[in-house]
Amino acid sequence: MLDINLIRENQEFVIKALQDRQMDPAPVTRMVELDQLRRTTLAEVEKLKAERNTASKEIGRTKDAAERTAKIEAMRVVGDQITALDQQVKEVETELNSLALNVPNIPDGRVPYGTGEDENVVIRHEGVVAEPKFDTIPHWDLGTALGIIDFERGAKLTGSRFYVLNDGAARLQRALISFMLDTHIRNGYHERYTPYMVKSDALYGAGQLPKFRDNLYRDAEEDLWFIPTAEVPLTGLYMNEIIEEEELPLRLTSYTACFRREKMSAGRDVRGIKRGHQFDKVELYCCLPEKSDEEHQRIMHSAEEVCRKLELPYRIIQQCTGDLGFSAQLCYDIEVWAPGCKEWLEVSSISNDGDFQARRGAIRYREKESGKPRFLHTLNGSGLGLPRTLIAVMKLTNNRTGRSSFRKR
RNA sequence: GGAGAGGUGCCGGAGUGGUUGAUCGGGGCGGUCUCGAAAACCGUUGUAGCUUUCGGGCUACCGUGGGUUCGAAUCCCACCUUCUCCGCCA
C-alpha cells in the first residue's frame with residue numbers, strides 16, 4: 001500500500017512508476033479524485049458530529065420536558081444528515097481502498113527499466129559451470145530411473161503437478177531443509193514454525209490478495225487460505241503491532257510447505273518437480289526501521305552461502321521494472337545451474353519491500369527518540385526453494401561420483 | 001462437536017444509556033527531596049483521520065462488523081478470539 005499523501009503530492013511520479021511496470025496508471029488519477037472527495041465530505045460530516053455531540057450533552061442536562069423534546073427533534077434531522085454523509089464517506093473509502101490494494105510498490109531508483117522477464121539483468125556469476133563429461137539426464141528421467149521420484153502415484157493421489165519423493169530423494173530434501181535452516185540460524189536468523197493456513201488478512205498484508213487470488217488454494221467454507229510462501233505468515237506475525245525499536249531488526253527463518261494454484265499449460269516449464277502445486281521452501285525474513293539496503297545484502301549472503309556450500313554454480317539476476325514483484329521495490333533472484341535440464345533455475349527471489357507491506361498490515365515500531373510509531377521496512381528472500389535445489393544437487397551428485405549414490409528400489 | 005464464562009488503555013482491574021477517551025492501582029517518563037539511591041509527594045503518560053493563523057481545534061476508536069437511540073464501553077444481532085467442563089483425537 002502506498003501512502004495516499006505520496007500519491008496526492010507526487011501524482012506524476014507514481015504514474016511513471018506504474019508505466020515503468022507496464023501497468024495501467026489510470027487508477028492513480030481516480031484515487032486522487034476520491035481522496036479529495038473523501039476529505040471534503042469528511043470535513044462536512046465531522047462538523048455535524050461535533051454539533052450533535054454538543055447538543056446531546058445539553059439534552060442530558062435539560063430538565064424541562066418540552067425543551068428537551070424540541071432539542072431531540074432538531075437533532076434527529078442532523079442525525080439523518082450524518083447517516084447519509086457517513087454512508088457517502090464509506091462508499092468513497094471502499095472504492096479508494098480497493099484501488100489502493102491493487103497499486104504495486106514503487107520501484108527503487110536503481111531498478112533497470114525493462115518490459116518483462118527477458119530484460120532482467122545478470123549482474124554477477126559465482127562458480128563455474130563445468131562442461132559435462134558425459135550426456136546429462138534431466139531430473140525427471142533420472143529420478144524416475146532411480147525410483148526416487150514417483151510422478152504417476154503423485155498424480156493418482158492428487159493430480160497433475162503433484163509427485164512423491166521416495167527414499168534418497170525424500171531423505172535428501174529433509175537433510176537440505178535442516179542444512180539451510182542451520183546455516184541461517186548461524187547467521188543470526190531465528191527459526192519460526194508457522195501455520196500453513198492463514199486468514200485472508202495475512203494475505204492482504206503480504207500483498208498476495210486481492211490481486212493474486214487465483215493463485216491461491218483456500219478452504220471452501222471458512223476464511224482459511226493455504227500459504228503460497230512463508231513470507232505470508234512471517235509478515236502476518238507482527239500485523240497490527242507496535243514493536244519496540246530495541247527489538248529490531250527481527251531476523252526470521254522458516255521452513256514451510258507452499259501451495260500455489262497457478263494454472264499453467266503443461267509442457268517443458270512444468271515438467272518434473274520444478275513447478276509443483278505443493279513445494280517446500282526455507283524462507284528468510286527481516287523487518288527493521290528503514291536503512292534496509294544493508295539488510296537486503298545480508299539476506300542475499302545467507303542465501304548465497306547455501307549455494308556456495310552445496311557447490312552449486314549460480315548467478316544473480318536483477319529484476320527489471322517490468323518483472324518486479326508486486327510488493328517489491330528492489331529484487332534480486334538467485335539462479336543455480338541445473339546441468340540435467342541445461343537451464344538456470346530460480347531458487348530464490350530476494351526482495352526489499354520498503355514500508356509497502358508494513359502499511360498494508362499496520363506493522364510498526366516505536367521510534368525510541370520520539371516515542372512515535374512508524375512503519376518499518378520488510379524484506380524477504382528464499383533460502384532456498386527445495387525442489388529446484390534438489391534438482392541441481394541430484395545432478396551434481398551424479399556427476400561427481402559417476403554413478404548414483406541413491407539406491408534403486 | 002455440546003454446555004458455560006469472558007475480551008476495556010503498557011499491565012491489572014472498575015464501569016450496564018448522558019461532561020467516561022474512560023474511576024482506581026501498578027509500571028513508564030519528568031520533577032521535588034537526597035552526597036547518591038530508596039521511600040514519599042507533585043505532574044505526565046494511547047492510536048488514527050480531518051483541519052490549522054502551527055498555539056491548537058474537531059472526529060473516530062473500550063475484540064471486529066452491523067443495528068437501536070438526540071446520545072452507546074454500556075442495549076440488540078452476527079462474526080473473531082480466550083478460558084472452563086464434557087465428547088473426540090495424533
Side-chain angles (χ1 to χ4, degrees), chain A residues 1-9 31-101 193-205 209-210 218-225 233 236-248 257 289 355 357-376:
Chain A
M1 189 100 83
L2 299 181
D3 184 357
I4 188 69
N5 296 305
L6 174 82
I7 298 177
R8 185 192 308 140
E9 284 154 30
M31 282 174 73
V32 173
E33 280 170 27
L34 289 166
D35 170 59
Q36 182 57 48
L37 183 57
R38 171 179 177 271
R39 286 182 300 138
T40 48
T41 316
L42 208 54
E44 212 177 321
V45 71
E46 285 186 357
K47 203 177 135 199
L48 289 174
K49 282 182 181 175
E51 200 180 305
R52 181 176 69 180
N53 286 344
T54 313
S56 288
K57 281 173 189 166
E58 275 173 30
I59 292 170
R61 284 192 298 262
T62 305
K63 295 281 178 283
D64 183 84
E67 195 184 334
R68 198 183 163 95
T69 311
K71 282 179 176 169
I72 289 175
E73 276 308 314
M75 275 310 107
R76 190 165 288 153
V77 178
V78 176
D80 290 345
Q81 288 174 325
I82 289 173
T83 307
L85 286 172
D86 267 345
Q87 183 60 29
Q88 274 182 43
V89 171
K90 202 175 142 192
E91 278 166 21
V92 170
E93 283 181 346
T94 303
E95 189 185 344
L96 186 58
N97 201 251
S98 71
L99 289 175
L101 286 171
Y193 172 80
T194 73
Y196 292 179
M197 299 183 86
V198 294
K199 294 191 247 191
S200 56
D201 291 356
L203 288 153
Y204 278 102
L209 281 175
R218 66 175 179 280
D219 183 288
E221 281 157 32
E222 296 179 76
D223 180 33
L224 279 184
W225 305 65
L237 232 37
Y238 294 97
M239 260 177 24
N240 301 313
E241 288 191 32
I242 301 174
I243 306 166
E244 293 306 322
E245 190 170 352
E246 296 86 68
E247 294 171 44
L248 301 171
D355 64 7
Q357 289 179 326
R359 283 180 185 283
R360 292 183 152 238
I363 310 169
R364 292 173 294 172
Y365 71 99
R366 191 171 301 283
E367 194 181 58
K368 190 138 203 277
E369 206 184 316
S370 65
K372 293 285 169 211
R374 310 243 186 257
F375 291 113
L376 34 74

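By convention in this document, chain letters (A, B, ...) are assigned in the order of the sequence lines, proteins followed by strands, and residues within each chain are numbered from 1.
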Using the [atom1] atom on both, measure [N] against [M] and round to a whole Å.
N	M	atom1	value
rG46(B)	rC11(B)	C1'	14 Å
rG63(B)	rU16(B)	P	15 Å
rA40(B)	rG56(B)	C1'	36 Å
rA72(B)	rG65(B)	C1'	15 Å
rG87(B)	rA3(B)	P	15 Å
rU34(B)	rA39(B)	C1'	11 Å
rG71(B)	rC61(B)	P	13 Å
rC79(B)	rG21(B)	C1'	26 Å

With a 3.5 Å limit on both atom pairs, tell me what [N] is paired to, counting Watson-Crick and G-U wobble, or say none.
N	answer
rG12(B)	rC24(B)
rA38(B)	none
rC83(B)	rG4(B)
rU64(B)	rA78(B)
rU69(B)	none
rA48(B)	rU59(B)

Between Arg364(A) and rU47(B), is there a side-chain N or O to OP1/OP2 distance below 4.0 Å?
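No, because none of the side-chain N or O atoms of Arg364(A) sits under 4.0 Å from OP1 or OP2 of rU47(B).
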
Check whether any side-chain N or O of Arg38(A) sits under 4.0 Å from OP1 or OP2 of rC50(B), and answer yes or no.
yes

Assigned chi class of rG55(B) under the 90° convention is syn

Is there a side-chain contact between Ile243(A) and Tyr238(A) (heavy atoms, below 4.5 Å)?
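Side-chain contact under 4.5 Å: yes.
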
I want to check something: taking the side chain as every heavy atom from C-beta on, are Asp86(A) and Val45(A) in contact at a cut-off of under 4.5 Å?
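Yes, at least one pair of side-chain atoms sits under 4.5 Å.
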
Should the pair [X]-[Y] be classified as a salt bridge under the 4.0 Å nitrogen-to-oxygen rule?
X	Y	answer
Arg38(A)	Glu93(A)	yes
Lys372(A)	Glu367(A)	no
Glu73(A)	Arg76(A)	yes
Lys199(A)	Asp223(A)	no

Choose from [options] the nucleotide whose nearest atom is closest to any side-chain atom of [X].
X	options	result
Met75(A)	rU47(B), rC70(B), rU59(B)	rC70(B)
Arg52(A)	rC50(B), rG66(B), rC70(B)	rC70(B)
Ser56(A)	rG18(B), rU47(B), rG49(B)	rG18(B)
Asn53(A)	rU59(B), rG71(B), rA48(B)	rU59(B)
Arg61(A)	rC70(B), rU19(B), rC58(B)	rU19(B)

Hey, does [X] reach any base, or is it just sugar-phosphate, or nothing, if we go heavy atoms under 4.0 Å?
X	value
Leu42(A)	sugar-phosphate
Ala55(A)	nothing
Asp223(A)	nothing
Arg68(A)	base
Lys49(A)	sugar-phosphate
Lys199(A)	sugar-phosphate

Between [X] ([atom1]) and [N] ([atom2]), how many Å, whole number?
X	N	atom1	atom2	answer
Lys57(A)	rC58(B)	NZ	P	9 Å
Glu93(A)	rA60(B)	CD	P	14 Å
Ile59(A)	rG18(B)	CD1	P	14 Å
Leu85(A)	rA60(B)	CG	P	14 Å
Met239(A)	rU81(B)	CE	P	13 Å
Gln36(A)	rC50(B)	CD	P	11 Å
Lys47(A)	rC50(B)	NZ	P	19 Å
Arg8(A)	rC50(B)	CZ	C1'	10 Å

When you match Ile72(A) and Ala50(A) each to their closest nucleotide on RNA chain B, which lands nearer the 5' end?
Ala50(A)

For Ile242(A) and Asn5(A), find the nucleotide of RNA chain B closest to each by heavy atoms; which residue's nucleotide sits nearer the 5' end?
Ile242(A)

Could you check Glu58(A), Glu51(A), Arg52(A) and say which one makes a side chain to side chain contact (heavy atoms under 4.5 Å, CB included) with Thr54(A)?
Glu58(A)

Do the side-chain N and O atoms of Glu44(A) and Thr41(A) include a donor-acceptor pair separated by under 3.5 angstrom?
no

